[in-house]
Amino acid sequence: MNSHATPSLPIDFQRIASSQLLEVVHKAPKAELHIHIEGSLEPELIFEMAARNGVALSYPSVQALRAAYAFTDLQSFLDVYYAGASVLQTEQDFHDMAWAYLSRAAAEGVVCAELFFDPQTHTERGIPMAVVIQGLKSACDRAQREWGLRAELILCFLRHLSEEAALQTLQDALPFREHFVGVGLDSSEKGHPPEKFARVFARAGDLGLHRVAHAGEEGPAAYIRTALDLLKVERIDHGVRCTEDPELVRRLARDGTPLTVCPLSNIKLCVFPDMGSHNLPQLLDAGLMVTVNSDDPAYFGGYLNENYSALLQAHPGLGARHAWQLLHNSLVSSFAPSDLKHAWLQRLDEHFARAALA
Ligand code: HPA
Ligand code: ZN
């Protein structure tokens, strides 16, 4: 399978002016496949929840907290991110966090959001699994009802913790098995290779869960290989370091393995020095199934459409055809049933065809 798809309708991409492109992209139907829901918690909501739950914060104000969002690498971010998540206590908190994100996503044209959540960040603080999952799930159900937005949950294991802890987490989540569609692997990548989690991913596979993993963000291309070979993942989260291994790039292209790339995140965490140096155009040229995502939008300076804007503005060589391809890839790479995907893809093509005629 190759990711260079053809639209279902004739679309004259040349007729979409670059001055029009961002607006066309912003209004297009799209999927978000790499969003840590705890990373959507805005400072204002952190302070509101801290106040209502009586949690002390080490920052005196929203402004002071936001000023601390100057990261040098993944770990410097994770330290602040886990501190922010400590205000989440009740089912209502989890609902409110997810609802804030989903409302925003709906306004940005997102028709499908697959949300990562980190149960261990909460259960380690004594918050019951039921509180976490039921709070998030009720917001997902509400998004479907109110916006027609399909929202699913993916349970992530924290890779800096042990595989035993991950196995226990999966076990504790089993009473809520129908509330999540897959498992993922996140947190500190370096020194925590995918093979550390081979047994828990095998168990998740036996349970019929989808499997994804962060790999090749800060860690080496070898982690992408072991995530594929040993964890049997269907998508790679980030994966931008695959270019260090040309044979791996050919394999990813041949298999159509989606990469959920997060442009603003990669700049904020210094994976690339600036957006103009981001290798996403190179990944697309290599025929990879690249998608654009926001990762932790409250911390990295932008939600999904801002990621598209920042990328397209920094790479004038990416035009309407490329933008369409990225949007198409996002919908194709979701875990939604194929009839839904086809309906979304048709809407995407009609949207671009209309823009080309305008
Ligand atoms: N990488 C790894 N773990 C994470 C991230 C990320 O970008 N965001 C939240 N947890
Ligand atoms: Zn991530």
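Atoms within a ligand are numbered from 1 in the order they appear, just like the ligands themselves. All values below were derived from every heavy atom in this structure, side-chain atoms included, with hydrogens, water molecules and symmetry-related copies excluded.
- For the pair G39 and ligand 1, no heavy-atom separation below 4.0 Å is found.
- Assignment of H238 to the shell around ligand 1 is supported, since a heavy atom sits closer than 4.0 Å.
- Under a 4.0 Å heavy-atom criterion, L78 is in contact with ligand 1.
- For the pair E163 and R203, the salt-bridge criterion is not met [side-chain N within less than 4.0 Å of a carboxylate O].
- D349 and S8 form a side-chain donor-acceptor contact under 3.5 Å, judged by distance and modelled atom types alone.
- Considering both main-chain and side-chain atoms, S265 never comes within under 3.5 Å of ligand 1 through any nitrogen or oxygen pair.
- Protein heavy atom at the shortest distance from atom 3 (N) of ligand 1 is S187 N, 2.8 Å.
- At least one heavy atom of F77 sits closer than 4.0 Å to an atom of ligand 1.
- Residue L74 touches ligand 1 through its side chain alone, judged by heavy-atom distances below 4.0 Å.
- Note: an N/O pair closer than 3.5 Å links D295 and ligand 1 by distance alone.
- Contact annotation: D295 places an N, O or S atom under 2.8 Å from the Zn ion (ligand 2).
- Considering K268, H36, H160, R159 only, the shortest heavy-atom separation from atom 5 (C) of ligand 1 involves H36.
- Given atom 1 (N) of ligand 1, the protein heavy atom at minimum distance is E217 OE1, 2.9 Å.
- Taking the charged nitrogens against the carboxylate oxygens, E32 and R104 have no contact shorter than 4.0 Å, which rules out a salt bridge.
- Relative ring orientation between F300 and F77 is described as tilted, the plane-to-plane angle lying within the 30° to 60° band.
- For E152 and R150, the salt-bridge test passes: some basic side-chain N is under 4.0 Å from an acidic carboxylate O.
- At least one N, O or S atom of H34, from either the backbone or the side chain, sits less than 2.8 Å from the Zn ion (ligand 2).
- Using cut-offs of 30° and 60° for the angle between ring planes, the F116 and H214 rings count as tilted.
- Side chain to side chain, S187 and Y82 meet the donor-acceptor criterion of an N or O pair below 3.5 Å.
- Contact annotation: H36 places an N, O or S atom under 2.8 Å from the Zn ion (ligand 2).
- By the 3.5 Å distance cut-off applied to N or O atoms, D296 is counted among the residues near ligand 1.
- Between R251 and D229 there is a salt bridge, with a side-chain nitrogen of the basic residue lying less than 4.0 Å from a carboxylate oxygen of the acidic one.
- Comment: K268 does not engage D295 in a salt bridge, judged by the lack of any side-chain N to carboxylate O separation of less than 4.0 angstrom.
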